[in-house]
Number of protein chains: 2
Amino acid sequence: MLEEGYAAVTSRRVAAKAQLKPQLVHYYFRTMDDLFLAIHRRRVEQGLERQARALASDQPLWALWDYSRDPRGTALTMEFIALANHRKAIRAEIAASAELFRVEQVSGFSRLLEQHGMRSEEIPPIVCAVLLSSISRFLGIEHEALGMSRGHAETVAFVEGFIRRLEGDRAIARAEEPVHAITIAD
Amino acid sequence: MLEEGYAAVTSRRVAAKAQLKPQLVHYYFRTMDDLFLAIHRRRVEQGLERQARALASDQPLWALWDYSRDPRGTALTMEFIALANHRKAIRAEIAASAELFRVEQVSGFSRLLEQHGMRSEEIPPIVCAVLLSSISRFLGIEHEALGMSRGHAETVAFVEGFIRRLEGDRAIARAEEPVHAITIAD
DNA sequence: GTCTATACCGAGATAGAC
DNA sequence: GTCTATCTCGGTATAGAC
């Protein structure tokens, strides 16, 4: 999915990676869409968990910002959005999970901005959530898909200046969680 | 491309739309990548022209914002970015044109922000350019690919409040240019 | 659960006649 | 410039044996 796009993920190639026959992919998942949905559900579960941990950490803004910018996440997420765009059978479920992430973020931001004494008429929490997602996703797309980074450093500095005013300097280094291989057992 | 993604654009289907034989697609463009590049070049040409007109208009910020948010543009642009992501032969050219749009925007913003008496240490022009692109693209993706719009109205209002402080109310309605059919003559 | 076999479709691309 | 014909490849999916 990452290297050639979801359309390049075929039962034959999946089977080859797993050193099995293509027919087994259909045995386990029936259709390719079922396979994509299975992967997506696993990602959503892990992602919501990780986002909740970020929001509950000592520096929620820093943690959420770093998590949103994680290149391993953004690239695959964009691929699933592309998938949703073109396969209407899958679209509803992907959209629903995206809403879920946003709702969780908004309730997190509401709490946070209140703690820092910001009036919600000034910057509503939901606007914060949308802005954070927009910027992190877009920089990720440009960088990973096009290898382009003009203005990225300046924009990151701008956003981080804002976070720093609320939470001070980043206390811990950006987390690097290992990417584990996907197996049928998952 | 819009309905099923670039991967669904095949010589056979293109030919069928044009009521011709698939082999003629190869006659005119040799490979499918050549066809995609031809379409892309035409879009870049028209897009740069339109962006220049926006920047030269009476309300450049409003015009650029409206142009960037045009749903007809964003959806296809995302498809080309996905294409660039997965076809390294095409990637360089798409990235180069994206840089071109950004560079033009930055020089526009530099002029504009100066006119409105904003210090560039506060919000550098290049950050404005990246933010504008990020927000408009991201809202477009969510809306068109997922049919999702939670927080969009609030975010649009937030951005437009910023523009309004500089340029006052939007003087003209958002432009709606007709989409013309693509023919071989193009 | 894994295999062989197979049906069926559609892709990109080229050769060569007209 | 458009056609017919054709090559080669790879895709989804199912049936049925073991």
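Below, chains carry the letters A, B, ... as their sequence lines are ordered, and counting in each starts from 1.
- The listed nucleotides are dA5(C), dT12(D), dT2(C); the one nearest the side chain of Y28(A) is dT2(C).
- Using a 30° and 60° split on the angle between ring planes, Y6(B) and F36(B) fall in the perpendicular class, above 60°.
- When atom types are taken as modelled, the side chain of Q51(B) and the backbone of E104(B) share no donor-acceptor pair closer than 3.5 angstrom.
- A 6.0 Å sphere centred on NE2 of H152(A) holds more than 12 heavy atoms belonging to other residues, nucleotides or ligands.
- Environment of NE2 in H26(A): crowded, with over 12 heavy atoms of neighbouring residues, nucleotides or ligands closer than 6.0 Å.
- When the nearest nucleotides of DNA chain D are assigned to K21(B) and Q23(A) by heavy-atom distance, the more 5′-ward of the two goes with K21(B).
- Set against dT4(C), dG12(C), dT12(D), the side chain of H26(A) has dT12(D) as its closest nucleotide.
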Give every pair of a protein N or O atom and an N or O atom of nucleotides 7-11 of chain D that lie under 3.5 Å apart, one pair per line with the distance.
from	atom 1	to	atom 2	distance (Å)
dG11(D)	OP1	T10(A)	OG1	3.0
dG11(D)	OP2	R12(A)	NE	3.4
dG11(D)	N7	R12(A)	NH1	2.3

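- Salt bridge R150(A)/E142(A): absent, no basic N to carboxylate O contact under 4.0 Å.
- Nearest-nucleotide positions on DNA chain D for R30(A) and L24(B) put L24(B) closer to the 5' end.
- Taking atom CD of Q19(A) as the reference point, atom P of dG1(C) lies 20 Å away to the nearest angstrom.
- With distances taken from any side-chain atom of Y27(B) to the nucleotides dC3(D), dG1(C), dG1(D), the minimum falls on dG1(D).
- Crowding of E121(B) atom CD: a count of heavy atoms from other residues, nucleotides or ligands under 6.0 Å exceeding 12.
- Checked by atom type and distance alone, the side chain of Q105(A) never pairs as donor or acceptor with a backbone atom of V130(A) at under 3.5 Å.
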Are there any protein N/O atoms within less than 3.5 Å of an N/O atom in nucleotides 16-18 of chain C, and if so, which ones and at what distance?
none

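- Heavy atoms from other residues, nucleotides or ligands lying under 6.0 Å from CD of Q115(A) number more than 12.
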